[in-house]
Student: 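Following this message is one structure expressed as structure tokens.
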Amino acid sequence: MPERSNFIRDIVAADVAAGRIEVPVTRFPPEPNGYLHIGHAKSICLNFGIAAEFGGHCNLRFDDTNPVKEEQEYLDAIEADVRWLGFDWGGNLFHASDYFEQLYGWAVHLVKAGRAYVDDLSADEIREHRGTLTEPGRDSPYRDRSVAENLDLLARMRAGEFENGARVLRAKIDMASPNINLRDPVLYRIVHASHPRTGDAWCIYPTYDFAHGQSDAIEGVTHSICTLEFEVHRPLYDWLIANLPVPHIPHQYEFARLNLTHTVLSKRVLKRLVDDGHVRGWDDPRMPTISGLRRRGFPAAGIREFAAMIGVARTDSVIEVGQLEHAVRSVLNRTAARRFGVLDPLKVVITNWPEDRIETMEVVNNPEDPGAGTRIVEFGRELWIERDDFMEEPVPKFFRLAPGREVRLRNAYFVTCHEVVKGDAGRVMELRCSYDPLTRGGDSPDGRRPKATLHWVSAAHAVPAEVRLYDHLFNRPDPGTDGHLFADLNPASETILNGVMLEPALADTPPGETVQFERLGYFTPDADSRPGALVFNRTLTLKDTWAKVQAKGG
RNA sequence: UGGCGCGUGGCUCAACGGUAGAGCACCUGACUCUGGAUCAGGGGGUUCCAGGUUCGAAUCCUGGCGCGCCAGCCA
């Protein structure tokens, strides 16, 4: 499925066609202050996708300029997530911190050129001097310090002579600019904190604005693609590039970040969900993080397909989660092995089946993929079927099992229910059925065609398991709209089922593989799963038109 | 309010001066040993509004309106 074009692709293609560049160089620049989420996946697919399409390359560059928020755990997780998504940065793994010395040198360059100065104003005072959206700012009293004094102060900032916040280095641009980002933006701040990579080598750190474009220049990035909120920074990006002796001139392009219904894509909020215990971790299957989606069973190919499907534009937008789910189902439908699992088991005894007789049935692994082969499943006198697949008094349009009714057990036999055994509270405990020996494999010689085909598991062979059902993390499409984000959490986002009965082959499902439990949905072994204590996560249900029919009838 | 940007079916995107299309969602039908796969069809758009330019405007111009972003020593 060829990816649809988009305005950034068009720009790159035009640049190549016009000979402005040979091949594009892009970069994915996460800050290691949290885990990557599906919104980052959109950016990753865009950056790596464009590079690959035009024969260029994409760097993985950590924007690690703020040591108080960044951690090694995040660095590691981000690498793993990008790789899992299917992208390869080759040897091009970089860190803004790799460039700290060069960046500092350029800061000195700016000072010498009279284009930067050390400001002694406090953060509050700087804010006051900055003006507002409608009023121009005022010059800092320290704005006209001599080059010599600025050089001296900057060196002493670096040497650690001053406390956090005591001074900053600022670009000298225009305090009256209508673009507030040009009102002498801060380039360096004093932060006595040790950095995950540079340790205590530095106590001053460059701001995003001073680090990003210059890092792009150092790496020869041609197209620096970021999200819309950086649009107002572009004049500053260009100003710095124009005023520094950089080896290359990169350009910044902005696109609209991803928003999804029924969830939230903000690292700040995701971190709170984790820290406040609303979920069990960054990789909780309900999280929209890459690691959460992976644990949930979403295949990387599904996420890539989703990214290709939604396109890239400059319009703020909110994608319906259904679209992500569609992409994932479409991948899983053609790749997932089919298995039998009974979530809510109801015992069926086949009264005309000999006590100890076991037959084996050959069952197709994936009707969408003949190459997936077949497997052997045991069939015996006692079986488990889904409780939902039986109704003592069937309502109209319910075609499954009911007293006196015949259904097909998938790939096995036709069975007819003769007796309903109930417990004390009137709960159905067991169904007593007969089977038709002539229907082995699921076809009858007389052409009878039951209206329903049920999945089943041999009770003598079934493997018990825990299954975790997942639903949207938030119970409204636009969580937090009323200002109470956490009140919008979906209390039913996770439902734990015990005593689920699985066909034995499921015990060997490798981690990371998502299978289909026929008629129910897609499931994957959870990281908590152990031999003898299996745990499966429900990735997604199948599209359920029966549920739709029911909803209408109700 | 100053600056920058964005407005095309319910949602996401195409159409780049020449008959407004696609995917998702929705509805209907066919088919089926997953009621769920799959296939086929259908409904749904004054292209934010108003002027202007043009033989012709979603597209160009002007003016409105609406929405987003920017006043961190976050990114």
Student: Of all the nucleotides listed (A37(B), A71(B), G7(B)), which has the minimum atom distance to the side chain of Glu368(A)?
Tutor: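 Within the option list, the nearest is A37(B).
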
Student: C13(B), C24(B), U12(B): which one has an atom nearest the side-chain heavy atoms of Ala313(A)?
Tutor: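 Among C13(B), C24(B), U12(B), the one nearest the side chain of Ala313(A) is C13(B).
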
Student: Answer yes or no: does a side-chain N or O of Arg257(A) lie under 4.0 Å from OP1 or OP2 of A75(B)?
Tutor: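 Answer no for this pair, as no side-chain N or O of Arg257(A) is under 4.0 Å from OP1 or OP2.
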
Student: Looking across every strand, which nucleic acid part, if any, lies under 4.0 Å from Ser317(A) by heavy atom: base, sugar-phosphate, or nothing?
Tutor: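 Sugar-phosphate: the residue Ser317(A), judged by heavy atoms under 4.0 Å, touches backbone atoms but no base.
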
Student: When you measure from the side-chain N and O atoms of Arg314(A) to the phosphate of C6(B), is any distance below 4.0 Å, counting only OP1 and OP2?
Tutor: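 Yes, because at least one side-chain N or O of Arg314(A) sits under 4.0 Å from OP1 or OP2 of C6(B).
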
Student: Touch check for Ile190(A), heavy atoms < 4.0 angstrom, all strands: base, sugar-phosphate only, or nothing?
Tutor: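 Ile190(A): no heavy atom of the nucleic acid under 4.0 Å.
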
Student: For nucleotides U1(B) and U38(B), find the distance between their P atoms and express it as a whole number of Å.
Tutor: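 The answer is 50 Å between these two P atoms.
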
Student: Under 4.0 Å, counting only non-hydrogen atoms across every strand here, what does Arg449(A) touch: a base, just sugar-phosphate, or nothing?
Tutor: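 Here Arg449(A) touches the backbone only, sparing every base.
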
Student: Tell me which nucleotide among U12(B), G23(B), U1(B) gets nearest to the side chain of Leu133(A).
Tutor: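 Per side-chain heavy atoms of Leu133(A), the pick is U1(B).
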
Student: Does the side chain of Arg189(A) get closer than 4.0 angstrom to OP1 or OP2 of C74(B) through an N or O atom?
Tutor: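 It does, given that an N or O in the side chain of Arg189(A) lies less than 4.0 Å from OP1 or OP2 of C74(B).
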
Student: Taking only the C1' atom of each, what is the distance from C61(B) to G44(B) in whole angstrom?
Tutor: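 That atom pair is separated by 32 Å.
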
Student: Side chain of His326(A) only, please: which of C74(B), A25(B), G72(B) is the nearest?
Tutor: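 My answer, after comparing the listed nucleotides, is A25(B).
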
Student: It should be established whether Arg127(A) places a side-chain nitrogen or oxygen under 4.0 Å from OP1 or OP2 of nucleotide G72(B).
Tutor: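 Affirmative; the distance criterion is met.
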
Student: Should C6(B) form a Watson-Crick or G-U wobble pair with both distances under 3.5 Å, which nucleotide is its partner?
Tutor: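 Answer to the pairing question: G66(B), which forms a Watson-Crick or G-U pair with C6(B).
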
Student: Kindly say whether the aromatic ring centers of Tyr413(A) and Tyr435(A) come within a distance under 6.0 Å.
Tutor: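 That pair passes the under 6.0 Å test.
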
Student: Can you check the distance between A75(B) and A58(B), where both ends of the measurement are the C1' atom (answer in whole Å)?
Tutor: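 Per the computed distance, 36 Å lies between those C1' atoms.
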
Student: Identify whether any heavy atom of Leu258(A) sits under 4.0 Å from a base atom; if not, whether one sits that close to sugar-phosphate; answer base, sugar-phosphate or nothing.
Tutor: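 No contact.
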
Student: Between Asp98(A) and Arg197(A), is there a side-chain N and carboxylate O pair less than 4.0 Å apart?
Tutor: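 So Asp98(A) pairs with Arg197(A) through a salt bridge.
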
Student: Among U12(B), C74(B), C73(B), find the nucleotide with the atom closest to the side chain of Asn66(A).
Tutor: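 For Asn66(A), the side-chain atoms sit closest to C74(B).
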
Student: Using a cut-off of 4.0 Å on non-hydrogen atoms, how would the nucleic acid contact of Pro367(A) be classed: base, sugar-phosphate, or nothing?
Tutor: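 Counting heavy atoms under 4.0 Å across all strands, the contact made by Pro367(A) includes a base.
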
Student: Between atom CG in Leu520(A) and atom C1' in A37(B), what is the gap in whole Å?
Tutor: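 The distance from CG of Leu520(A) to C1' of A37(B) comes to 14 Å, rounded to the nearest Å.
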
Student: Between Tyr253(A) (side chain only) and Phe7(A) (backbone N and O only), is there a donor and an acceptor less than 3.5 Å apart?
Tutor: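 Not a single qualifying donor-acceptor pair exists.
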
Student: Categorize Asn411(A) for me: base, sugar-phosphate, or nothing, with a 4.0 angstrom heavy-atom threshold over every strand shown.
Tutor: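 Touches a base.
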
Student: Pick base, sugar-phosphate or nothing for Asn33(A), based on heavy-atom distances below 4.0 Å to the nucleic acid.
Tutor: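 No contact at all - Asn33(A) keeps every heavy atom at 4.0 Å or more from the nucleic acid.
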
Student: Would you mind pulling out the nucleotide paired to A15(B), Watson-Crick or G-U wobble, both distances under 3.5 Å?
Tutor: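 Partner of A15(B): none found under 3.5 Å.
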
Student: For Arg27(A) and Ser224(A), does a side-chain donor sit closer than 3.5 Å to a side-chain acceptor?
Tutor: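 Present: a donor and an acceptor within the cut-off.
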
Student: Is there a Watson-Crick or G-U wobble partner for U59(B) with both distances under 3.5 Å, and if so, which one is it?
Tutor: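 Across all strands, not a single nucleotide pairs with U59(B).
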
Student: For the pair made of CG in Asn6(A) and C1' in G23(B), what is the distance, rounded to whole Å?
Tutor: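 Asn6(A) atom CG is separated from G23(B) atom C1' by 16 Å.
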
Student: Pick base, sugar-phosphate or nothing for Tyr188(A), based on heavy-atom distances below 4.0 Å to the nucleic acid.
Tutor: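 No contact.
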
Student: Of the listed nucleotides (U34(B), C13(B), G5(B)), which one gets closest to any side-chain atom of Gln516(A)?
Tutor: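 Of the options given, the side chain of Gln516(A) lies nearest U34(B).
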
Student: With a 4.0 Å cut-off on heavy atoms, is Val312(A) in touch with a base, just the backbone sugar-phosphate, or nothing at all?
Tutor: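 Counting heavy atoms under 4.0 Å across all strands, the contact made by Val312(A) is with sugar-phosphate only.
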
Student: For Val318(A), report the nucleic acid contact type (base, sugar-phosphate, nothing); a contact means any heavy atom under 4.0 Å.
Tutor: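 It contacts sugar-phosphate atoms only.
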
Student: Output the rounded distance in Å from CG (Leu236(A)) to P (G3(B)).
Tutor: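 Distance, rounded to whole Å: 19 Å.
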
Student: Tell me which one of Phe523(A), Phe517(A), Tyr522(A) satisfies ring-ring contact (aromatic ring centres under 6.0 Å, His included) with Phe536(A).
Tutor: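 That would be Phe517(A).
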
Student: Taking atom CD of Glu163(A) as the centre, does the number of heavy atoms from other residues, nucleotides or ligands within less than 6.0 Å exceed 12?
Tutor: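 For Glu163(A), atom CD is not crowded (no more than 12 foreign heavy atoms under 6.0 Å).
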
Student: On a plain distance test, is the side chain of His233(A) in donor-acceptor contact with the base of A75(B) below 3.5 Å?
Tutor: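 Pair found.
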
Student: On RNA chain B, does the nearest nucleotide to Thr134(A) precede the nearest nucleotide to Asn333(A) from the 5' side, or the other way round? Give the residue.
Tutor: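 Residue closer to the 5' terminus by nearest nucleotide: Thr134(A).
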
Student: Can you check the distance between G56(B) and A20(B), where both ends of the measurement are the P atom (answer in whole Å)?
Tutor: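 Nearest-Å result for G56(B) against A20(B) at atom P: 16 Å.
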
Student: Assign G29(B) to syn or anti; the rule is syn for a glycosidic angle within 90° of 0 and anti otherwise.
Tutor: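 Anti for G29(B); the angle lies over 90° from 0.
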
Student: Can you figure out which of U34(B), G3(B), U12(B) approaches the side chain of Val232(A) most closely?
Tutor: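 Selected nucleotide (nearest to the side chain): G3(B).
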
Student: If I pick the C1' atom on C16(B) and the same atom on C60(B), what distance separates them, to the nearest angstrom?
Tutor: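 Nearest-Å result for C60(B) against C16(B) at atom C1': 11 Å.
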
Student: Can you check whether any acceptor in the base of G36(B) is under 3.5 Å from a donor in the side chain of Arg519(A), or vice versa?
Tutor: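 Under the 3.5 Å cut-off, the side chain and the base do form a donor-acceptor pair.
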
Student: Is it the case that Ser444(A) and Asp446(A) place a side-chain donor and acceptor less than 3.5 Å from each other?
Tutor: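 On atom types as modelled, these side chains qualify, holding a pair under 3.5 Å.
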
Student: Please evaluate the base of G35(B) for a donor-acceptor partner in the side chain of Arg400(A) within a cut-off of under 3.5 Å?
Tutor: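 Such a pair exists between side chain and base.
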
Student: Roughly how many Å apart are C13(B) and G3(B), using the C1' atom of each and rounding to a whole number?
Tutor: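 It works out to 29 Å between them.
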
Student: Please confirm whether Arg158(A) makes a cation-pi placement over Phe100(A), using NZ or CZ under 6.0 Å from the six-membered ring centre and within 45° of the ring normal.
Tutor: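 Not satisfied by the 6.0 Å and 45° rule.
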
Student: Looking only at the side chain of Arg338(A) (C-beta and beyond, no hydrogens), which of the listed nucleotides G2(B), U34(B), C69(B) gets closest?
Tutor: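 That would be U34(B).
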
Student: Counting only Watson-Crick or G-U wobble pairs whose two distances fall under 3.5 Å, which nucleotide matches G36(B)?
Tutor: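 The base-pairing partner of G36(B), which may sit in any strand shown, does not exist here.
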
Student: Among the candidates A75(B), G68(B), U1(B), find the nucleotide nearest to the side-chain atoms of Asp316(A).
Tutor: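 Looking only at heavy atoms from C-beta outward on Asp316(A), the closest nucleotide is G68(B).
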
Student: Closest to the Thr315(A) side chain: U12(B), U32(B), C6(B)?
Tutor: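 Selected nucleotide: C6(B).
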
Student: Is it the case that the side chains of His233(A) and Glu254(A) hold a donor-acceptor pair, with the cut-off being a distance below 3.5 Å and no angle test?
Tutor: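 Note: Glu254(A) and His233(A) side chains miss the donor-acceptor criterion.
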
Student: Does the side chain of Thr207(A) get closer than 4.0 angstrom to OP1 or OP2 of G72(B) through an N or O atom?
Tutor: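 False: Thr207(A) side-chain N/O out of range (4.0 Å or more) of G72(B) OP1/OP2.
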
Student: So, does the side chain of Gln323(A) form a donor-acceptor pair with the base of G23(B) at under 3.5 Å?
Tutor: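 Counting by modelled atom types and ignoring angles, a donor-acceptor contact under 3.5 Å is found here.
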
Student: How far, in whole Å, is A22(B) from U8(B) if one measures between their C1' atoms?
Tutor: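 Straight-line distance between the two C1' atoms is 13 Å.
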
Student: Students often get this wrong, so: under 4.0 angstrom with heavy atoms, is Arg410(A) touching a base, only sugar-phosphate, or nothing?
Tutor: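 Base contact - Arg410(A) has a heavy atom under 4.0 Å of at least one base atom.
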
Student: Look at all strands and tell whether Glu518(A) reaches a base, only sugar-phosphate, or nothing, counting heavy atoms closer than 4.0 Å.
Tutor: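 Touches a base.
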
Student: Work out how far the P atom of U59(B) is from that of A40(B), and round it to whole angstrom.
Tutor: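 The same atom, P, in both gives a distance of 35 Å.
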
Student: Contact class for Glu320(A) (heavy atom, under 4.0 Å): base, sugar-phosphate, or nothing?
Tutor: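 The answer is base, as Glu320(A) lies within the cut-off (heavy atoms under 4.0 Å) of a base atom.
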
Student: Determine: side-chain N/O of Lys543(A) to OP1/OP2 of A37(B), distance under 4.0 Å, yes or no.
Tutor: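 Yes, because at least one side-chain N or O of Lys543(A) sits under 4.0 Å from OP1 or OP2 of A37(B).
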
Student: With respect to the phosphate group of C73(B), does any side-chain polar atom (N or O) of Ser122(A) fall under 4.0 Å of OP1 or OP2?
Tutor: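 Answer no for this pair, as no side-chain N or O of Ser122(A) is under 4.0 Å from OP1 or OP2.
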
Student: Taking only side-chain N and O atoms of His455(A), does any of them lie within less than 4.0 angstrom of OP1 or OP2 on U34(B)?
Tutor: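 No, no such contact exists.
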
Student: Between the side chains of Glu518(A) and Gln516(A), does any donor sit under 3.5 Å from an acceptor?
Tutor: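 No pair is found: no donor N or O on one side chain lies under 3.5 Å from an acceptor on the other.
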
Student: Assign each of Phe517(A) and Lys42(A) to its nearest nucleotide of RNA chain B by heavy atoms, then name whichever residue's nucleotide is nearer the 5' end.
Tutor: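 By nearest-heavy-atom nucleotide position, the 5'-most residue is Lys42(A).
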
